[in-house]
Amino acid sequence: MLDVKYIRDNLELVEARLATRGGGVSLAGFRQLDERRRELLLQSETLKALRNKVSEEISRIKDKSQAQGRIAEMREVSQQVKVLDDQLRGVEEELQQILLTVPNIPHPDVPRGASEADNVEVRKWGVPPQLTFTPKPHWELGESLGILDFERGAKITGARFTLSRGAGARLERALINFMLDLHTERHNYVEMLPPFMVNRESMTATGQLPKFEDDLFHLDGPDYFLIPTAEVPVTNIHRGEILRGTDLPVSYTAYTPCFRKEAGSYGKDTRGLIRQHQFNKVELVKFVKPDTSDGELEKLLTDAETVLQVLDLPYRVMALCTADLGFSAARTYDIEVWLPGQDTYREISSCSNFGDFQARRAGIKYREDDKAKPEFVHTLNGSGLAVGRTLVAILENYQQEDGSVVIPEVLRPYMGGVERID
RNA sequence: GGAGAGAUGGCCGAGUAGGUCGAAGGCGCUCGCCUGCUAAGCGAGUAUACUGGGAAACCGGUAUCGAGGGUUCGAAUCCCUCUCUCUCCGCCA
């Protein structure tokens, strides 16, 4: 959510900057509603002030029959207040509706662009392996090795669900443990294991709601949603709290499964593990002081990159352009890993700075010192990494001509010493 | 699932025959004093949001005692709904 006062004072500028995202974001109606709200508020509060004052006088009158006139007057005032407050509530709901559906303003350093084709490559790491044979896609490798069972996944649940078996299941578990250990031991994140379902307030705080309800799995009973990313429960850990400046930055990492409907992507990535309704992810989340968030994003990005470097998987870093930025993000880097089976780079992590956009929705503040006024923190998060896609990258990059797959060195301790899947 | 108890400020904890309660008291914290250090002691201060005025310091108004409605001139105190916590029984990984 954007700062109402900032919009009020900079409406044209805000609209211009939002326009760089494309897709016609509109703040039409904001100014009028905002003015109407303050008008109604002033009227209502003036009457309430009067009522409070007179009620206090009434309380001091011993003989209430002496107060009948004023009581009657105040009864009338209360009626008016009720009418004004009803109108006010209506206006505030309209205003809220606008504010909750307006995306974040892109960071000034975000490249301008019209589509994802305008994303900018920041750097490349590693060299795609020069294979002496035609590399297979991971779904073929996984099936022939008996570690990925797409048919049974579909039987058990449906399309876009997969059953992992034996060394495949263990490799996925190994990756989760490896990533969590790396981030907690080397990068100083605190591990969290949050709920995998959240309520409506949490989804609204991070920006999934109200706009993207169609992408979420919702429970039939209570008004809960399956999380599409650990970002939601982990960022909401501090919803409605005021943190101490000396505790910042706060860095959390969490493994969770993620559940996404993938509505509108019916034809895409139908084969393999790339696009699933359920996948595992290790997430990085930070709460930081505003003036440090640019640097903290670079650090978080580096922390995510380290996972690929240690696994020796080639990748590139892309700076998303204004048109490709997510709803809540002010700035985002995607990390794309090289997939020889598909001869392309595919997204494996997305690292974003949300500025105070989520913090404002979630009410997460910090106090510089005991006397300071609370200010909104900046929130950041990134995948560190998407586990299913990391498994894909390992299968495809470490495949051998005979169809076996070598286990990366650093994962072997997590695999009981296994060096190769065949 | 059944029965009962409770939710007050950073924490603890008063406050229910409705009125001067944003809320006693204690702790913690901040500033000052004092004690050559430390502890103790003394004094003052110590919520948030919105909003009006002001360049600002700041001054004023409104709201907030789990959340949302209601009764009333007036509600932390009364009524209704919901949420959460705790205890007992049942069930259960």
Side-chain angles (χ1 to χ4, degrees), chain A residues 1-9 30-100 193-205 209 218-219 221-225 233 236-248 250 257 287 356-377:
Chain A
M1 198 156 65
L2 303 180
D3 181 0
V4 173
K5 287 174 192 150
Y6 184 77
I7 302 177
R8 189 182 293 155
D9 296 336
F30 170 84
R31 178 147 284 166
Q32 201 195 337
L33 284 168
D34 180 54
E35 278 170 15
R36 179 80 181 130
R37 182 182 92 87
R38 283 185 290 164
E39 206 174 279
L40 287 167
L41 197 61
L42 187 63
Q43 290 177 26
S44 170
E45 290 189 348
T46 304
L47 289 177
K48 283 175 183 167
L50 173 68
R51 186 179 65 186
N52 286 345
K53 197 174 123 235
V54 175
S55 289
E56 203 257 294
E57 287 168 16
I58 292 171
S59 76
R60 285 194 308 237
I61 297 173
K62 291 284 186 289
D63 180 0
K64 294 302 187 232
S65 64
Q66 300 285 306
Q68 284 313 310
R70 269 178 277 193
I71 287 177
E73 269 175 57
M74 288 310 104
R75 187 177 301 146
E76 180 57 33
V77 166
S78 276
Q79 287 306 317
Q80 291 175 37
V81 166
K82 193 169 289 186
V83 171
L84 287 168
D85 280 352
D86 280 346
Q87 291 176 19
L88 187 61
R89 195 172 311 147
V91 168
E92 286 187 331
E93 270 168 26
E94 276 187 71
L95 210 47
Q96 195 67 358
Q97 197 54 37
I98 291 175
L99 291 170
L100 286 176
L193 185 59
F196 300 160
M197 300 175 205
V198 300
N199 59 30
R200 200 165 274 277
E201 291 71 56
S202 293
M203 281 294 185
T204 306
L209 291 180
H218 182 259
L219 264 61
D223 191 17
Y224 297 159
F225 297 86
N236 274 281
I237 288 172
H238 294 301
R239 172 150 54 88
E241 294 182 10
I242 299 174
L243 308 175
R244 284 191 306 195
T246 50
D247 291 338
L248 298 180
V250 168
F287 305 83
D356 62 8
F357 187 84
Q358 292 181 326
R360 180 169 280 110
R361 287 175 163 242
I364 307 171
K365 299 187 165 187
Y366 80 102
R367 223 189 290 268
E368 184 60 49
D369 57 69
D370 288 322
K371 291 176 154 182
K373 226 184 301 169
E375 275 185 70
F376 288 112
V377 300

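Given the structure is predicted, the values throughout are model-derived calculations rather than measurements. In what follows, every heavy atom counts, from backbone to side chain, and hydrogens, waters and symmetry copies are set aside.
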Practice prompt. Can you figure out which of B/rG52, B/rC50, B/rA63 approaches the side chain of A/Lys48 most closely?
Written response: B/rA63

Discussion item. Using a 4.0 Å heavy-atom cut-off, does A/Lys5 contact any base of the nucleic acid, only the sugar-phosphate backbone, or nothing at all?
Written reply: sugar-phosphate

Worksheet item: Strictly by modelled atom types, are A/Asn199 and A/Ser202 linked by a side-chain donor-acceptor pair under 3.5 Å?
Response: yes

Item to complete: Using Watson-Crick or G-U wobble geometry with both distances below 3.5 Å, tell me the partner of B/rC21, or none.
Response: none

Worksheet item: Does A/Arg36 have any side chain to side chain donor-acceptor pair (under 3.5 Å) partners at least two apart in sequence or in another chain, and if so, which?
Response: A/Glu39, A/Gln87

Practice prompt. Please report, rounded to the nearest Å, how far the C1' atom of B/rU72 is from the CD atom of A/Glu73.
Written response: 17 Å

Worksheet, complete the sentence: Closest of B/rC73, B/rU51, B/rU48 to the A/Pro374 side chain is B/rU48

Item to complete: Kindly determine whether A/Arg31 and A/Asp34 satisfy salt bridge (Lys or Arg N to Asp or Glu O under 4.0 Å), including the steps that lead there.
Response: CA-CA 5 Å; A/Arg31 178 147 284 166; A/Asp34 180 54; over 6 Å; no

Worksheet item: How close or far is atom P of B/rU71 from atom CZ of A/Arg75, stated in whole angstroms?
Response: 12 Å

Worksheet item: Rounding to a whole Å, what distance do you find between A/Glu57:CD and B/rC73:C1'?
Response: 11 Å

Worksheet item: Where the side chain of A/Met74 is concerned, which of B/rA63, B/rC73, B/rC84 is the nearest nucleotide?
Response: B/rC73

Discussion item. Under 4.0 Å, heavy atoms only, any strand: does A/Leu41 hit a base, just the sugar-phosphate, or nothing?
Written reply: sugar-phosphate

Worksheet item: Do the non-hydrogen side-chain atoms of A/Glu57 and A/Arg60 ever get within less than 4.5 Å of each other?
Response: yes

Fill in: Rounded distance in Å - CZ (A/Arg361) to P (B/rA49)
19 Å

Worksheet entry | d(NZ, A/Lys82; C1', B/rG74) in whole Å | 13 Å

Worksheet item: Quick one: A/Arg367 CZ to B/rU30 P, roughly how many Å, whole number?
Response: 13 Å

Worksheet item: Is B/rG66 paired to anything, Watson-Crick or G-U wobble with both distances less than 3.5 Å, and if yes, which nucleotide?
Response: B/rC82

Worksheet item: Just how far is it from atom CZ of A/Arg38 to atom CG of A/Leu41, taken to the nearest 0.5 Å?
Response: 10.0 Å

Practice prompt. Calculate the interatomic distance between A/Glu92 atom CD and B/rG68 atom P; express it in whole Å.
Written response: 13 Å

Worksheet entry | Sugar-phosphate only, base, or nothing, as touched by A/Arg37 at under 4.0 Å among non-hydrogen atoms | sugar-phosphate

Item to complete: Give a yes or no on whether a donor-acceptor pair under 3.5 Å exists between the nucleobase atoms of B/rG19, that is its base, and the side chain of A/Glu56.
Response: no

Worksheet item: Just checking A/Ser44: base, sugar-phosphate only, or nothing, at a heavy-atom cut-off of under 4.0 Å?
Response: nothing

Discussion item. In this structure, how many angstroms lie between the P atom of B/rU62 and the CD atom of A/Glu39, rounded?
Written reply: 20 Å

Fill in: Sugar-phosphate, base or nothing in reach of A/Arg38, heavy atoms under 4.0 Å
sugar-phosphate

Discussion item. Please classify the nucleic acid contact of A/Arg8 as base, sugar-phosphate, or nothing, using heavy-atom distances under 4.0 Å.
Written reply: sugar-phosphate

